[in-house]
Every structure is written in structure tokens, then in C-alpha cells.
Amino acid sequence: QVQLVESGGGLVQPGGSLRLSCAASGFTFSSYAMNWYRQAPGKERELVATIIISGGTNYADSVKGRFTISRDNAKNTVYLQMNSLKPEDTAVYYCNAKRLGTYGTFSYWGQGTQVTVSS
């Protein structure tokens with residue numbers, strides 16, 4: 001069974017840091033691009049960061065220079081290091097795995113982890 005399990009969320013003060021982890025199982029992790037999305041109250045889900053199979057990365061403009069996505073294929077885990085956190089980073093953060101397949105796109109989602117940035 002495919003599983004993506006996020007962890008590492010919580011409450012942090014502005015300017016602080018958190019590292020989110022997403023542990024994957026049930027599929028060939030190294031064959032998938034991995035993404036972090038987030039959704040704040042009343043807003044649409046947005047793509048925060050992407051890491052492709054070869055290790056290349058992309059970030060939303062709002063987090064460039066502050067967030068870093070990485071993957072450890074030996075551990076089937078993707079990370080999101082979040083530094084210099086701002087209140088506007090408050091959201092539920094979701095891990096996503098995606099690849100093209102013969103019968104369409106394979107896309108899997110975790111349950112989400114809450115990140116709250118507040119004094």
C-alpha cells in the first residue's frame with residue numbers, strides 16, 4: 001500500500017526554523033518526483049517546492065532562499081527545511097509523489113502536517 005507520512009510540523013515563532021519529513025513506502029521512491037504543497041485557511045493549495053529524480057529543484061518565489069527541499073533515496077524520504085519562517089507560511093503542508101505512467105500520471109498524497117508561525 002502506498003503511504004506518504006509527513007512529520008515535523010508544529011508551532012514556531014517568526015524567524016524560526018522547522019524541518020518537515022515525508023517517509024514514503026509502497027512504490028519505487030527513486031522513480032518519482034517529490035513535491036511539497038501547502039494550503040492556508042481560505043486559500044487554494046499551492047506548490048511550494050519540487051525535487052525531480054535527478055535532484056534538480058524548484059521553489060515558489062515566496063519561499064526562495066528560505067526553504068530547501070532534499071531527498072534521501074536510500075531512506076525513501078523527502079525533506080523540507082524551512083528557515084526564516086514568517087506568519088504567512090502558516091498552512092497545512094502536504095507531501096506529494098508524482099510520475100508519468102503508461103496509463104496516466106501517478107500522484108500520491110500524504111495526510112498533511114500543520115505548520116503555525118506565530119508569536
- request: Can you measure from CG (Asn83) to CZ (Arg19) and round to the nearest 0.5 angstrom?
  value: 11.5 Å
query: Taking atom OG1 of Thr113 and atom CG of Leu18, what is their separation to the nearest 0.5 Å?
result: 9.0 Å
Smallest separation among heavy atoms of [X] and [Y], with atom names:
| X | Y | result |
| --- | --- | --- |
| Ala91 | Arg38 | CB-CB, 3.8 Å |
| Ser84 | Arg66 | O-NH1, 3.0 Å |
| Leu4 | Cys95 | CD1-O, 3.8 Å |
| Ile69 | Tyr59 | N-OH, 2.9 Å |

- prompt: Does the separation of the ring centres of Trp36 and Phe67 fall below 6.0 angstrom?
  reply: no
task: Please check if the distance between the ring centroids of Tyr32 and Phe27 is under 6.0 Å.
output: yes
message: Assess whether a salt bridge exists between Lys86 and Asp89, defined as any Lys/Arg side-chain N lying under 4.0 Å from an Asp/Glu carboxylate O.
response: no
query: Is it the case that Arg71 places NZ or CZ above or below the six-membered ring of Phe29, under 6.0 angstrom from the centre and within 45 degrees of the axis?
result: yes
task: Please check if any side-chain donor atom of Ser30 sits under 3.5 Å from a side-chain acceptor atom of Asn73, or the reverse.
output: no
- prompt: Any side-chain donor-acceptor pair under 3.5 Å between Thr77 and Asp72?
  reply: no
Enclosure of Glu44 CD (heavy-atom neighbours >12, cutoff 6.0 Å): no
